[in-house]
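Please read the structure below before turning to the comments.
As the structure is a computational prediction, the values presented were derived from the model and not from experiment.
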Amino acid sequence: MTSASTMTNSQNITQATEALERDMHAWDLSDSPPPALLFQTPPPPPPSPQLLQDPTGSGLCEETIIDIKLATHHLVMLALNAFLQETCYGCRTAQPSQVQHSCLFELPEYYFDTYYDDVMLRLKTFRFIPAIRLFVRSYTDDGTKTQFSRIAEHTMTELRSSQHIVCAINDNIAQLLEASRYARRVKPAMLRMIGNYWAGRHLV
């Protein structure tokens, strides 16, 4: 049981995975700025150099590395949310009481490390790497399936040590989008599309 201020609960995970989707629903992709830019909001912290580095020495350009990591983070969040719902007694039995929903409880520290293998079983479907490739191929022909897989694996290994996995993924996605130099305004929509593809909601 947690207070309403607790960050790591199922609602926040859903919000984290859908944050990019809400951006696209709210934004007009014309020349006018998105509504968020009309407010004086503090700029996000600059991305850490490690976040933008090529961990495998593949020689891919920085923008391709950013795109691979963006797609990987987004899909990991979807898989984590799926795992929480599948293991929640209240969700499985459609309990009306929130008390019966473990997915609403606070996630322990290092939750992702503890259940890493379980989340990976849900993440690494036959659509996982194709979904990443679909996102990258929207902007460049750079990279191969093997390179995508290696960078994705390294990214997930780095996330495994996160103390608070939802915060880590959400912060990294924001920083990667900020560091992206191309099509930043449409990448949230593309992430939504590959998420639907990975989940099997439509074919591409």
How long is the straight-line distance from [atom2] of [Y] back to [atom1] of [X], given to the nearest 0.5 Å?
| X | Y | atom1 | atom2 | result |
| --- | --- | --- | --- | --- |
| T114 | D117 | OG1 | CG | 10.5 Å |
| H73 | N172 | NE2 | CG | 3.5 Å |
| E62 | D67 | CD | CG | 10.5 Å |
| E86 | L121 | CD | CG | 10.0 Å |
| Q163 | D113 | CD | CG | 12.0 Å |
| M190 | L134 | CE | CG | 5.0 Å |

Does [X] use its side chain to pair, donor to acceptor, with the backbone of [Y] at less than 3.5 Å?
| X | Y | value |
| --- | --- | --- |
| R133 | K145 | no |
| E158 | T155 | no |
| R201 | Y197 | no |
| T140 | V136 | no |
| R137 | D142 | yes |

Notebook entry, point to check: Same cluster or not: are L176 and Y182 linked, directly or through other Ile, Leu, Val, Met, Phe, Trp or Tyr residues, by side-chain heavy atoms under 4.5 angstrom apart?
Noted result: no
Margin query: Is there a continuous path of hydrophobic side-chain contacts, each under 4.5 Å between heavy atoms, that joins V166 to Y110?
Written below: no
For [X] and [Y], which heavy atoms make the closest approach, and how far apart are they?
| X | Y | result |
| --- | --- | --- |
| K69 | L51 | NZ-O, 2.7 Å |
| A71 | I194 | CB-CD1, 3.7 Å |
| A131 | L75 | CB-CD1, 4.0 Å |
| A152 | I68 | N-CG2, 4.3 Å |
| G195 | L78 | CA-CD1, 3.6 Å |
| W198 | L123 | NE1-O, 2.9 Å |

Sorted by chain and number, sequence neighbours left out, ring pair (Phe, Tyr, Trp, His ring centres under 6.0 Å) with F128 holds for none
Sequence neighbours excluded, the answer for ring pair (Phe, Tyr, Trp, His ring centres under 6.0 Å) partners of F112 is Y116
- Between K187 and E63, is there a side-chain N and carboxylate O pair less than 4.0 Å apart? yes
Residue set satisfying side chain to side chain contact (heavy atoms under 4.5 Å, CB included) with T56, at least two apart, ordered chain then number -> D54, S58, R150, I151
| L84/Y111 under side-chain contact (heavy atoms from CB on, under 4.5 Å): CA gap, chis, key distance, verdict | CA-CA 11 Å; L84 287 173; Y111 181 90; 3.1 Å; yes
Check the pair E153, M120 against side-chain contact (heavy atoms from CB on, under 4.5 Å), reporting the backbone distance first and the verdict last.
-> CA-CA 10 Å; E153 288 288 346; M120 290 300 103; 5.9 Å; no
Under the side-chain contact (heavy atoms from CB on, under 4.5 Å) rule, what do R122 and V119 come out as? Steps first, then yes or no, please. CA-CA 5 Å; R122 289 154 180 80; V119 176; 5.7 Å; no
Can you tell if the side chain of L191 reaches within under 4.5 Å of the side chain of P188, non-hydrogen atoms only?
no
